[in-house]
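Working notes for the structure below.
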Amino acid sequence: MNEFRKFIYSTLIAFVLILVVWFGIIFLSACGLNLSCQQAKPIAARTPIPTLAAATLPAIDFSISHPTTARCRIATVDLIGAWVSSGYSDSDVFTFTDVEGTSCQANFADDVQPLFIESNLWYPGSLSCASCHQPDLTTASAQLDLSSYAGMLLGSRRETPEDPGDDIFGAGVWENSLLYDNLFVKRIMPLGRPPDVPAEGPIVFAGVALEPEIPPTETSTE
Ligand code: HEC
C-alpha cells in the first residue's frame, strides 16, 4: 500500500514539475528574462491611414446640412402639364401638387427647361431633346428647337427660322398639345425611348414645397 502511495505522489509531483518547466520554456522563449513582457497583450487594430483631420485644416462648415426648403417630387407629365396649363411663362412661377400631396412652386428655368436640355434624364443614356431639336433648322428634327424658350414658342415644322410653325403647347390646353401627344400618348419622345420608361415619364425633383398655411390664431383681447 505504501508503495502505491509513493507512486501516486511522485507521479503528481512529476506532473506539476513538467507543467512548471513547460510554461517556463514558453515564457522564456517569448519574453526572455523580462518580467514586463507585453507579448500577451491583444494587438491594437489600427488603420494605416490617419482618419482624423489635421488640426491645421479650417473648421468644417456644417451650416448647409440643414436646408430650409424641401424639394418636391413629381412625374414629368404632371410637371410639364402644370407649367403648360398655367400659361407656359418663362418668368412667372407656377404651382403644382407633388407625389406626396404637398403644394409646391416651380419655375421654367430651374425646373422645366432641364427636362428638355439635359441628357440622361428620361432614361439612363437618353439624349437631351435639344440635341435633336436644336436651333439650326436645317438639321433640327421636325424643324423644332427645344434648346431655348424662344425656340419652343416658335413651334415645330417651321419653313423659315423666323416664321412660327405648329404650336407645341396646344394653346395652353395640355392634353391637346403636341408635347403631351409625343411624350405621353404616343410615347415616342425622346426618340429611341425604351418601352420600360413609365408612361407618365420619370419622377423628378422639382420646385420647392410651399410653407403650409398657418391658420390665423385667435388672439385674446383683454
Ligand atoms: C434622337 C433624336 C430625338 C430626340 C432625342 C428627341 N426627338 Fe422629338 N422628334 C425627333 C424626330 C425625328 C421627330 C419627327 C418625328 C416624325 O416626323 O414622326 C420628332 C418629333 C417631335 C415632336 C412632334 C413635332 C411635330 O410637329 O410633329 C415633338 C413635340 C417632339 N419631338 C418633342 C421631343 C421632346 C420633348 C424630346 C425630349 C424629351 C424629344 N422630342 C427628343 C427626334 C428626336
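Computed from a predicted model, the values in this text were never measured in an experiment. Throughout, numbering of the chain's residues begins at 1 and tracks the sequence. Every number for a ligand or one of its atoms is a count from 1 in the order of the listing.
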Of the non-hydrogen atoms in A171 and Y88, which two are nearest, and what is the gap between them?
CA-OH, 4.0 Å
If the threshold is 4.0 Å, N to carboxylate O, is there a salt bridge linking R73 and D78?
no
Just to verify, what does D136 make a side-chain hydrogen bond (donor to acceptor under 3.5 Å, both in side chains) with, not counting sequence neighbours?
T138
Side chain, backbone, both or neither: which applies to S141 and ligand 1 if a contact is any heavy-atom pair less than 4.0 Å apart?
side chain
Give a yes or no answer on whether the side chain of R187 reaches the backbone of V197 with a donor-acceptor pair at less than 3.5 Å.
no
Knowing that exactly one of V21, I25, L19 qualifies, which makes a side-chain contact (heavy atoms from CB on, under 4.5 Å) with F23?
L19
Closest protein heavy atom to atom 20 (C) of ligand 1, given as residue, atom name and distance to 0.1 Å:
M189 CE, 3.4 Å
Got a donor-acceptor contact below 3.5 angstrom from the S10 side chain to the K6 backbone?
yes
Ligand 1 to W122 polar contact by distance, N or O atoms, under 3.5 Å
no
Can you tell me how far apart CZ (F15) and CD1 (I18) are? Round to the nearest 0.5 Å.
8.0 Å
Going by the closest heavy atom to atom 18 (O) of ligand 1, which one wins out of R157, Q143, R158?
R157
With a 4.0 Å cut-off on heavy atoms, does A130 reach ligand 1?
no
Just by modelled atom types, is the L121 backbone N or O under 3.5 Å from a matching donor or acceptor in the S126 side chain?
yes
Contact atoms of ligand 1, heavy-atom distance to S128 under 4.0 Å
5 (C)
Residue, atom name and distance, where the atom is the protein heavy atom closest to atom 37 (C) of ligand 1
C129 SG, 1.7 Å
Can you check whether V185's main-chain N or O pairs, donor with acceptor, with D181's side chain at less than 3.5 Å?
no
Does the S156 side chain pair with the main chain of D167, one donor and one acceptor, at a distance under 3.5 Å?
no
Within the 4.0 Å heavy-atom cut-off, what D181 brings close to ligand 1 is neither
Under 4.0 Å to a heavy atom of L179 - the qualifying atoms of ligand 1, by number
35 (C)
heavy-atom search around atom 26 (O) of ligand 1 in the protein gives S156 OG, 2.5 Å
For ligand 1, which atoms have a heavy atom of F116 less than 4.0 angstrom away?
35 (C)
Is it the side chain (CB and beyond), the backbone, both or neither of I188 that lies under 4.0 Å from ligand 1, heavy atoms counted?
neither
Nearest protein heavy atom to atom 41 (C) of ligand 1, by residue and atom, and its distance?
P190 CA, 3.5 Å
Indicate yes or no: does an N/O atom of S131 lie under 3.5 Å from an N/O atom of ligand 1?
no
Taking 2.8 Å as the cut-off, does C132 contribute an N, O or S atom near atom 8 (Fe) of ligand 1, distance below it?
no
Sole candidate of F169, F94, F96, W174 that passes side-chain contact (heavy atoms from CB on, under 4.5 Å) when paired with S85:
W174
Which segment of L178 sits under 4.0 Å of ligand 1 when only heavy atoms are counted
both
Minimum-distance protein heavy atom relative to atom 8 (Fe) of ligand 1:
H133 NE2, 2.0 Å
Which one of L183, N182, L127 has a non-hydrogen atom at the shortest distance from atom 23 (C) of ligand 1?
N182
